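One structure below.
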2 protein chains.
Amino acid sequence: MTRKPTKAALPSAIRAGAKDPARSKEEAPASSRATRAAERRAAIVEAAMDEFIARGFAATRLDDIAKRAGVAKGTIYLHFKDKESMFEELVRIVIVPVVARLTALPPPAGSVRDLIEAFASSFLKEVIGTRRGDLVRLIVAEGPRFPSVADFYYREVVSRGIAAMRALIELGIARGEIREKDLARYPQILVAPAMIAVIWQSLFARHAPLDAQEMLRVHLDLIFGERRTT
Amino acid sequence: MTRKPTKAALPSAIRAGAKDPARSKEEAPASSRATRAAERRAAIVEAAMDEFIARGFAATRLDDIAKRAGVAKGTIYLHFKDKESMFEELVRIVIVPVVARLTALPPPAGSVRDLIEAFASSFLKEVIGTRRGDLVRLIVAEGPRFPSVADFYYREVVSRGIAAMRALIELGIARGEIREKDLARYPQILVAPAMIAVIWQSLFARHAPLDAQEMLRVHLDLIFGERRTT
DNA sequence: AATCTATGACTGACTAGTCAGTCATAGTCA
DNA sequence: TGACTATGACTGACTAGTCAGTCATAGATT
């Protein structure tokens, strides 16, 4: 309410003046206002992602996000309504492009096993052991407290993934590659080891490293029968 | 964070000195003091469990735990050093009896499939969809921030579980019940759908209920071949 | 009475969110 | 082009509120 804008303004002015040249130096391309704003927003998202993954929602301090993003705390509130909606929006921002990429399925050439192996391979590279994998763990962790996040994740990722897997399984059954017909009723079984690998890497990799690739191969052998020699 | 302002050490020193004689002397009159203390402690554990599961570690308030346990806040500090060690101890307290019960395996009679089905059945009843299942999710959530919890959980639950499953799988292979020999290298595959079921119940049951029992049956069909008619 | 246990008001460290003020850039005019 | 104004992105000190942990006091037990 009552402000004392007298002396407090002085040091801030000095610091601001000294800080900006240093920063503009590291950002090589001369940027328009809109561009800079977008960059800052991206930096905040990036920093928030790291902090939320490392500490969880409640334990994350906005001051830390701001510091990591090289931004003042107030700036965060120019881009996001509050901590909670920042978290929710963050999940959307990070997940949407991943879904977009994975939805662009490879052309339906080759056997079903080849398709699924291609899928597993990109999942391995893009999710397991990466920050995106940590994000999955974060959603599992915070989901119950953020129903909107859990809903979004179910709608955009889980239900689509399950549907896609079911379609592949049904194709595999129709072609005689997959024997177990009931598998189409529980595509979760197909995906389960991949999810376990994600969680394992976050929690137990230090104790017992897991060769996720090899594990997925064994799992596919289980479903399709022994590996064919290509 | 945690301050150590001298006096806190005093009562603990007194108690340590009085502990051993007290036990031998007061074992017979079981009803009053020791019993009440144990009951209070149990109530605190119970309440803390609910709160931590519902809110996560950081967002849980000790005032709420105290209120739910019907106890004053100070009482909590008569039983636990601080919030953090309370959480760690809580996990131990809840998990140890479960491990103890599951480790008491049924006698090795019948087929390997029967053994594993018995195992799955009790897991279904005792973990999936119960508060213990939520505890598993809680560990996944808080594990990275509580290495000691993750370590403990790996040592007491995961490594033992994996070893037990591996032994069963090897037995199954030796008896010709299981065809896929590499499965013994990744017992995680055997357990993965059960874990997925636990997580699914917490996050997505509202959107798409999952018949965990039936899913596990299909999974075992996949590993052992079609169900035999008993 | 002496000793142990429980209480809950209290303290102080910490943090989400605010807002008056700053300044680089965009826009306008001569 | 050069000078002058307008804009709004950005800052960070500050406020109001929260909550882990403490301790003087009351109560129970032996």
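Since the structure is predicted, the reported quantities are computational estimates derived from the model, not experimental observations. Values reported hereafter were calculated over all heavy atoms of this structure, with side chains retained and with hydrogens, waters and symmetry mates removed. In what follows, chains are A, B, ... by sequence order, proteins preceding strands, each numbered from 1.
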Given [options], which nucleotide is nearest the side-chain atoms of [X]?
X	options	value
A:Asp82	C:dG17, D:dC10, C:dT7	C:dG17
B:Arg61	D:dC10, D:dC19, D:dG21	D:dC19
B:Tyr77	C:dA16, D:dT11, D:dG21	D:dG21
B:Arg40	D:dA20, C:dA6, D:dC10	C:dA6

| When you measure from the centre of the six-membered ring of A:Tyr154, is the NZ or CZ of B:Arg206 under 6.0 Å away and within 45° of the axis? |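 No, B:Arg206 does not lie over the aromatic ring of A:Tyr154.
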
| task | Under 4.0 Å between any heavy atoms, over every strand shown, what does A:Leu78 touch: base, sugar-phosphate, or nothing? Just pick one. | result | base

| said: Please classify the nucleic acid contact of A:Lys73 as base, sugar-phosphate, or nothing, using heavy-atom distances under 4.0 Å. | reply: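 Result for A:Lys73 = base.
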
| query | Between A:His79 and D:dC10, is there a side-chain N or O to OP1/OP2 distance below 4.0 Å? | reply | yes

| query | Can you check whether A:Thr75 has a side-chain N or O nearer than 4.0 Å to OP1 or OP2 of D:dT11? | reply |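 Looking at the OP1 and OP2 atoms of D:dT11, one of them is under 4.0 Å from a side-chain N or O of A:Thr75.
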
Interatomic distance, [X] [atom1] vs [N] [atom2] [rounded to whole Å]:
X	N	atom1	atom2	result
A:Lys67	C:dT15	NZ	P	11 Å
B:Leu62	D:dT22	CG	C1'	13 Å
A:Lys83	D:dG17	NZ	P	18 Å
A:Phe80	D:dA9	CZ	C1'	15 Å
B:Ile76	D:dC23	CD1	P	17 Å
B:Glu84	D:dA20	CD	C1'	12 Å
A:Asp64	C:dA16	CG	C1'	13 Å
B:Asp63	D:dG21	CG	P	12 Å

| When the ring centroid of B:Phe87 is compared with that of B:Phe80, is the distance short of 6.0 Å? |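 Between B:Phe80 and B:Phe87, which both carry aromatic rings, the centre distance is not below 6.0 Å.
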
| query | Looking at A:Ala141 and A:Pro144, what are the two nearest heavy atoms and their distance? | reply | O-CD, 3.8 Å

| Under 3.5 Å side-chain donor-acceptor pair for A:Glu51 and A:Thr60 | no

| Is a side-chain donor-acceptor pair under 3.5 Å present for A:Ser85 with A:Asp82? |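 Yes, A:Ser85 and A:Asp82 have a side-chain donor paired with an acceptor closer than 3.5 Å.
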
